[in-house]
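So that the names make sense, note that chain A is the first sequence line, chain B the second, and so on, each numbered from 1.
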Amino acid sequence: MPDTVKFAGLRKELRPLLLTTLLVVAISVVILGVVWTTGLTRGSVLYLVPVIIAATRWGIVSSLYAAAAGVLCSAFFFFPPLYSFRIRDPQEFINLILFVFVAILVSQLAARLKGQLEISRQREIDMRDLYAFSRRLAVAFDVPDIQAAIENHLTAAIQRRVVLFANARDAAAAASQRTGNTLPPHVLAQIAATDRPGSARDIGLTVASVTATNGDIWLVRPVSPKSPEFGVVAINLGQPSKDDIDDMRVRVDNVLADATATLERLGVAQAINEARMRSQTDELREALIGSVSHELRTPLASILGAATVLSSAPALAGEPKLQALVADVRTEAERLNDDIQNLIDATQISSNGVRPSLEWADPRDILDSAMERCRKRLADHKLVLNLPHDLPLIHVDPVLVKRALVQIFDNAGKYSPPGTAITIAARARDGHMIMSVSDEGAGLTAAEQPHIWDRFARGERMAAATSGSGLGLWIARSFIAANGGEMNAVSDGPGKGTTMAIDLPVAQAAVHSMESDSDE
Amino acid sequence: MSEPSPIVLIVDDEIQIRRFLRTGFELNGFVVHEAGTGAEAIRAATLRPIDIVIVDLGLPDMDGSEVVERIRSWSTVPIIVLSVRSTEAQKVRLLELGADDYVVKPFGIAELMARVRVALRRQLRAASGEPSVTVGPLTIDLAARAVTLNGQRLTLTPKEYRLLQVLAQHAGNVVTHQHLLKDVWGSIHMQDTHYLRIFVRKLRQKIEPTPDSPKILVTELGVGYRLAHASEAENGAPAPVTVS
């Protein structure tokens with residue numbers, strides 16, 4: 001294989017010489033014909049034609065070759081003594097010098113012209129790329145979009161594999177994640193070094209080439225010496241020669257300089273910083289809510305615990321007024337705890353999402369547990385249960401469903417007057433388990449109905465009479481949605497009560513298949 | 001009060017929590033020792049006779065679960081864990097590490113005291129070899145392998161009896177799904193909670209006076225089952241704290 005490759009390469013190099021030879025032969029035939037038919041003797045000037053053609057097309061080697069061939073042919077065919085390479089007339093040497101001079105001059109001119117043409121063509125491609133790049137940047141929405149745009153642009157412009165890292169952390173993450181497609185560890189180490197904050201001062205110097213274990217050479221450098229926001233690029237140069245590396249470096253420098261100019265013109269650095277700041281603010285807010293609610297709960301545990309100890313203290317046994325005060329402390333602390341729990345739940349829903357841990361659960365157990373939890377709050381209401389014995393098992397996170405139910409019970413208790421009935425029903429139908437809670441309370445107006453599931457929704461009609469954060473139903477619905485279910489509310493109108501229903505899917509087959517072997 | 005006072009070790013880094021627990025326990029006739037760190041707790045548990053340990057999950061020097069594990073490695077003393085927030089999976093893990101029960105903060109002293117009594121009674125029963133457990137109208141005689149409801153003998157399948165037996169051995173405390181499945185059906189069925197659900201439904205028909213609102217075999221959502229505390233089963237509510 002290598003032999004044929006070498007041969008093909010050789011042939012490619014010899015081709016211009018071959019063509020030049022053919023040209024010289026053709027011109028010789030033409031001149032011979034002209035001389036023969038017309039009797040003109042100075043035809044040898046026509047040998048400048050192959051010299052010029054060779055110079056413009058194939059460069060200086062071919063044109064010098066054409067010049068030499070032309071001189072030899074002139075000497076042989078046209079200068080006396082004919083058919084011999086000897087030249088009697090010294091004037092003919094001037095021809096030789098002329099040929100050589102023209103060959104050098106024309107080929108130089110042609111080469112320069114060609115080079116300029118090449119440059120302007122490359123320039124045109126670059127400008128087109130840059131234009132596409134800035135258009136992409138204009139529609140980039142966030143930092144990863146911008147980085148992808150930069151990466152794609154560099155890949156297109158340099159025609160090599162380009163990987164962009166926003167920072168060293170990214171590089172470390174990539175090292176651990178992209179196992180199949182990872183960069184060599186040396187390269188990642190170099191990226192980390194380039195990105196180190198201390199190196200920002202002399203970031204211009206941190207252009208490095210790294211040789212990976214497979215022999216590929218990687219060029220690692222910051223996108224912009226001035227703006228570290230743009231990140232660090234690693235470019236796979238393959239296995240080029242030393243000269244090629246220098247060429248590539250110059251090319252990379254140019255492309256990066258153009259790209260950086262575009263980025264700066266569009267104010268991308270600021271955009272990146274703002275986007276980062278925004279996401280950090282979000283994270284900070286969530287973390288703050290998380291830790292604040294945690295910090296609030298610890299003292300609350302002391303308050304509640306101390307209140308319960310006080311209420312059982314012998315010294316208070318004969319003091320009903322003090323007992324009532326202690327009971328108030330306890331009730332209020334419990335309410336505060338519920339509010340904090342709602343905040344924590346809401347934070348979790350909006351930051352990480354809810355991850356249910358599914359298991360087979362008896363809907364009856366879930367309802368019992370929720371009712372038990374709300375027993376005190378619903379003590380003034382009449383609970384009516386309408387629960388069949390043969391409810392199917394459901395595959396849910398029972399704790400989440402219970403907490404959704406607690407929110408619904410709470411709501412029913414809050415928005416219906418004491419002494420009225422709250423009906424709790426469950427039924428299985430068409431592969432669905434429906435649990436419903438109906439009260440005889442405030443009901444919903446047509447205007448309220450669509451908004452009860454909103455975050456921080458509070459019924460305005462009842463706002464003065466009841467307390468709450470307005471998170472309850474939103475949390476309940478999020479929990480039910482996490483279990484693949486739906487929630488809906490029906491009311492015949494204001495004052496006519498509300499029915500809240502939870503609709504959960506039932507996986508029928510799995511329940512029945514084990515019935516037979518559940519016991520011997 | 002002919003019996004000596006039981007001794008409780010309270011492990012929590014929050015001084016306010018320790019203070020109300022101390023008062024609550026002393027009102028209930030306990031002798032109280034305190035520890036603010038895990039290391040202190042382990043030292044205290046090795047140096048003194050302790051009847052029960054109350055340990056907070058969030059300690060400054062080590063996780064509460066590590067305290068449970070370390071104490072459990074040499075002692076069968078009942079341990080009840082306090083935690084601010086914990087998932088059901090964490091609760092299960094604590095129980096598997098050897099905690100007897102858990103209480104989520106914030107809690108009332110009555111709730112904690114009920115769990116403490118259950119754990120102490122169980123310890124006492126284990127020490128004295130008392131063969132029967134009574135929960136409301138239900139009596140499980142572990143020696144005779146007989147179960148009676150209101151004095152009437154029940155006919156149970158071997159698996160039903162086995163389940164009740166495991167729960168009775170931990171009477172009042174939660175037993176995890178995995179523990180029950182492993183003990184009754186064997187370890188290959190440890191993930192099959194639906195076995196347990198259907199099975200418990202049937203068993204409740206036999207042992208509960210009102211199977212539709214179970215008071216004896218109580219579900220702890222996401223964690224396991226519990227054979228109710230004797231007084232709990234009668235009142236349908238956790239036992240109120242009685243001041244001695």
Side-chain angles (χ1 to χ4, degrees), chain A residues 293-294 297-314 317 330 333-334 336-337 340-341 344 355 357-362 364-372 375 385 387 389-391 393-395 397-403 510-511 513-515 517-520, chain B residues 14-25 27-28 58 82 84-85 87-89 104-113 157-160 177 185 191-205 211-214 218-223 225 236-237 240-244:
Chain A
S293 40
H294 191 261
R297 277 192 139 182
T298 313
L300 206 59
S302 307
I303 295 171
L304 198 73
T308 59
V309 172
L310 273 181
S311 68
S312 68
R330 182 180 178 171
E334 275 169 356
L336 194 55
N337 182 49
I340 294 170
Q341 182 61 51
I344 294 173
R355 264 167 248 126
S357 61
L358 301 177
E359 63 173 51
W360 287 104
D362 193 331
R364 187 72 214 226
D365 284 344
I366 302 176
L367 283 160
D368 278 343
S369 173
M371 282 188 280
E372 175 62 31
R375 203 159 43 91
L385 302 188
L387 308 170
H389 296 287
D390 55 347
L391 287 173
L393 297 185
I394 45 179
H395 199 232
D397 183 328
V399 178
L400 288 183
V401 176
K402 169 198 162 181
R403 280 160 68 185
V511 180
S513 65
M514 40 66 58
E515 197 109 41
D517 58 357
S518 65
D519 199 9
E520 61 275 275
Chain B
E14 297 277 332
I15 185 142
Q16 289 84 353
I17 301 269
R18 291 212 302 267
R19 197 178 295 152
F20 96 72
L21 286 177
R22 169 180 278 276
T23 313
F25 273 100
L27 278 175
N28 281 283
L82 310 178
V84 174
R85 52 173 169 185
T87 63
E88 271 54 38
V104 178
K105 284 181 178 176
F107 56 87
I109 192 78
E111 191 185 350
L112 177 63
M113 215 49 79
T157 66
K159 279 206 166 109
E160 282 170 345
H177 296 138
W185 283 274
Q191 300 307 319
D192 301 336
T193 37
H194 53 278
Y195 274 43
L196 202 53
R197 299 285 176 226
I198 297 289
F199 195 75
V200 164
R201 243 190 220 182
K202 281 191 198 163
L203 186 56
R204 276 175 177 160
Q205 297 292 333
D212 280 347
S213 71
V218 184
T219 306
E220 292 283 331
L221 282 189
V223 182
Y225 288 98
V241 181
T242 47
V243 181
S244 50

Verdict with reasoning, R197(B) to D365(A), per side-chain contact (heavy atoms from CB on, under 4.5 Å): CA-CA 10 Å; R197(B) 299 285 176 226; D365(A) 284 344; 4.2 Å; yes
Heavy-atom pairs under 4.5 Å with chain B, option from A333(A), S369(A), G305(A) with the top count: G305(A)
Winner by heavy-atom pair count (cut-off under 4.5 Å) against chain B, out of I366(A), V309(A), L310(A), I303(A): V309(A)
Region of [X] that comes under 4.5 Å of a non-hydrogen atom in chain A:
X       : value
R19(B)  : neither
E14(B)  : side chain
Y225(B) : side chain

What part of [X] gets closer than 4.5 Å to chain B, counting heavy atoms only: side chain, backbone, both or neither?
X       : value
S357(A) : neither
H395(A) : neither
L391(A) : both

Audit row: E359(A), H177(B), side-chain contact (heavy atoms from CB on, under 4.5 Å) steps and yes/no: CA-CA 11 Å; E359(A) 63 173 51; H177(B) 296 138; 3.5 Å; yes
Can you name the closest pair of heavy atoms from [X] and [Y] and give their distance?
X       : Y       : answer
P214(B) : D368(A) : CD-OD2, 3.5 Å
S213(B) : R364(A) : N-NH2, 4.2 Å
P398(A) : L221(B) : O-CD1, 3.6 Å
I17(B)  : A301(A) : CD1-CB, 3.8 Å

T219(B) vs E372(A), side-chain contact (heavy atoms from CB on, under 4.5 Å): CA-CA, chis, key distance, verdict: CA-CA 11 Å; T219(B) 306; E372(A) 175 62 31; over 6 Å; no
Electrostatic pair R204(B)-D362(A), nearest N-O below 4.0 angstrom: no
Derivation and outcome, side-chain contact (heavy atoms from CB on, under 4.5 Å), residues L387(A) and D212(B): CA-CA 9 Å; L387(A) 308 170; D212(B) 280 347; over 6 Å; no
